[in-house]
Amino acid sequence: PPEVSGAMVVMDPHTGRVLAMVGGFSYSQSEFNRATQAYRQPGSSFKPIVYAAALDNGYTPASVIMDGPITIKVGNETWTPKNYDGGAAGPATLRSGIERSRNLMTVRLANDMGMKLVAEYAERFGVYDHLAPYLPMALGAGETTVMRMVSAYSVMANGGRQIKPSLIDRIQDRYGKTVFKHDERGCEGCVTTAWADQAEPQLIDNAEQVLDPMTAYQITSMM
């Protein structure tokens, strides 16, 4: 048995249907589900949320941000973040910033926008319930679950519409009546009693639009 257990979630980004979930190496060894119960720092995987907020508020993939040293002073303390390689590349586009996962660019971008805006998008995406508006949070210093992060990425893949994870599609009682259905889309044309050569009914997606579709396309393209 391994000394460390991991977690994995495989989800259909258009429906929220969880296709596979691994919560650890062995349930008999540990009943703790690391996919849904373990709160861990998302780290750099949180950066696309920051960039999506920027794209939704006037920035473009070609906007230039300085990839250079920055020192943040809060009260009597200072914070000097660094890139993973310890270097700095100078002025660079948002697209290259997310491609190379530059910490300095992300912090400077979050500082320019304001962490209150970043926190609002993080909560919209469902990554956090309440994100403290501190700059280290832009680098994924908060804590969340694997399931929540997968749901957030699904929003970007689903054209900006909110995704709710589903482990159960439908429940019927003993008479065949549906008592629970994950799919909340309405279908007004699904009441026919016999086939009459009618057109295929259109399902209206009533999921909340939490990100502009154009922004969802841009951030997906950038990644």
Side-chain angles (χ1 to χ4, degrees), residues 2 4-27 29-56 98-99 101 106 118-131 137-172 178-187 190 202-223:
V4 177
S5 284
M8 180 181 71
V9 173
V10 181
M11 182 188 295
D12 183 334
H14 305 296
T15 63
R17 179 180 293 166
V18 176
L19 306 178
M21 179 175 67
V22 177
F25 175 74
S26 169
Y27 184 78
Q29 184 186 58
S30 168
E31 298 179 10
F32 186 64
N33 188 333
R34 291 155 186 82
T36 60
Q37 294 176 298
Y39 280 79
R40 295 290 182 266
Q41 292 178 330
S44 291
S45 67
F46 181 73
K47 289 176 184 173
I49 311 297
V50 179
Y51 282 81
L55 292 171
D56 226 18
I98 200 169
E99 284 175 354
S101 189
T106 306
V118 174
E120 178 191 332
Y121 274 78
E123 292 161 16
R124 264 202 235 175
F125 277 66
V127 180
Y128 303 106
D129 290 329
H130 302 287
L131 178 64
M137 298 299 182
L139 300 180
E143 293 181 338
T144 189
T145 66
V146 174
M147 182 73 83
R148 283 190 163 204
M149 284 305 297
V150 174
S151 301
Y153 272 72
S154 296
V155 168
M156 292 180 269
N158 192 40
R161 290 189 178 275
Q162 187 181 54
I163 287 294
K164 296 179 181 178
S166 168
L167 297 171
I168 299 173
D169 284 337
R170 184 170 55 148
I171 300 174
Q172 292 177 307
T178 298
V179 295
F180 169 81
K181 184 175 65 171
H182 170 71
D183 192 344
E184 299 176 349
R185 293 177 297 177
C187 182
C190 297
Q202 295 292 322
L203 296 180
I204 300 174
D205 193 346
N206 54 8
E208 183 183 355
Q209 191 80 41
V210 297
L211 186 68
D212 188 284
M214 293 176 63
T215 301
Y217 173 83
Q218 285 179 323
I219 192 68
T220 301
S221 170
M222 289 166 67
M223 288 194 292

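We use all heavy atoms of the structure for the numbers below, so side chains are in, but hydrogens, waters and symmetry mates are not.
- Residue R34 holds its CZ atom at 15.5 Å from OH of Y39, rounded to the nearest 0.5 Å.
- Proximity of a side-chain donor or acceptor of S154 to a complementary backbone N or O of V150 within less than 3.5 Å is detected.
- Using a distance-only test at 3.5 Å, with no hydrogens or angles considered, a donor-acceptor pair links the side chain of Y153 to the main chain of S45.
- The CD1 atom of I49 sits 15.0 Å away from the CE atom of M137 when rounded to the nearest 0.5 Å.
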Item to check | Verdict with supporting geometry, I98 and I219, side-chain contact (heavy atoms from CB on, under 4.5 Å) | outcome: CA-CA 9 Å; I98 200 169; I219 192 68; 3.8 Å; yes
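- You'll find the side chain of L211 stays beyond 4.5 Å of the side chain of R124, heavy atoms only.
- To the nearest 0.5 Å, the span separating CG on L131 from OG1 on T144 amounts to 10.0 Å.
- The side-chain heavy atoms of T36 and T145, taken from C-beta on, include no pair separated by under 4.5 Å.
- Separating the OG1 atom in T178 from the CG atom in D169 is a distance of 11.5 Å, to the nearest 0.5 Å.
- Between V146 and M21, every side-chain heavy-atom pair lies at or beyond the 4.5 Å cut-off.
- Heavy atoms only, all atoms of each residue included: A7 and A35 are closest at CB-N, 3.6 Å.
- V127 has its side chain within reach of M149: a pair of non-hydrogen atoms, C-beta onward, lies under 4.5 Å apart.
- Put simply, the side chain of K164 reaches to within 4.5 Å of the side chain of H182, judged on heavy atoms.
- A donor-acceptor pair is defined here as one N or O able to donate and one able to accept, closer than 3.5 Å; such a pair exists between the side chain of T220 and the backbone of M156.
- The CG atom of D56 lies 3.5 Å from the OH atom of Y121; values are rounded to the nearest 0.5 Å.
- Taking CE from M8 and CE from M147, the interatomic distance works out to 11.5 Å, rounded to the nearest 0.5 Å.
- Within 6.0 Å of the CZ atom in F180, the count of heavy atoms belonging to other residues, nucleotides or ligands exceeds 12.
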Checklist entry - Given R161 and H14, is the side-chain contact (heavy atoms from CB on, under 4.5 Å) satisfied, shown in steps? => result CA-CA 9 Å; R161 290 189 178 275; H14 305 296; over 6 Å; no
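- Residues P165 and V18 share a closest heavy-atom pair of CB-CG2, 4.3 Å.
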Checklist entry - side-chain contact (heavy atoms from CB on, under 4.5 Å) between L19 and M11: does it pass, once the steps are laid out? => result CA-CA 5 Å; L19 306 178; M11 182 188 295; over 6 Å; no
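- Here the closest heavy-atom approach between residue S5 and residue F25 is recorded as OG-N, 3.4 Å.
- Nearest heavy atom pair, residue Y128 against residue P42, reads OH-CG, 3.4 Å.
- Within a 6.0 Å sphere centred on CZ of F32, heavy atoms belonging to other residues, nucleotides or ligands number more than 12.
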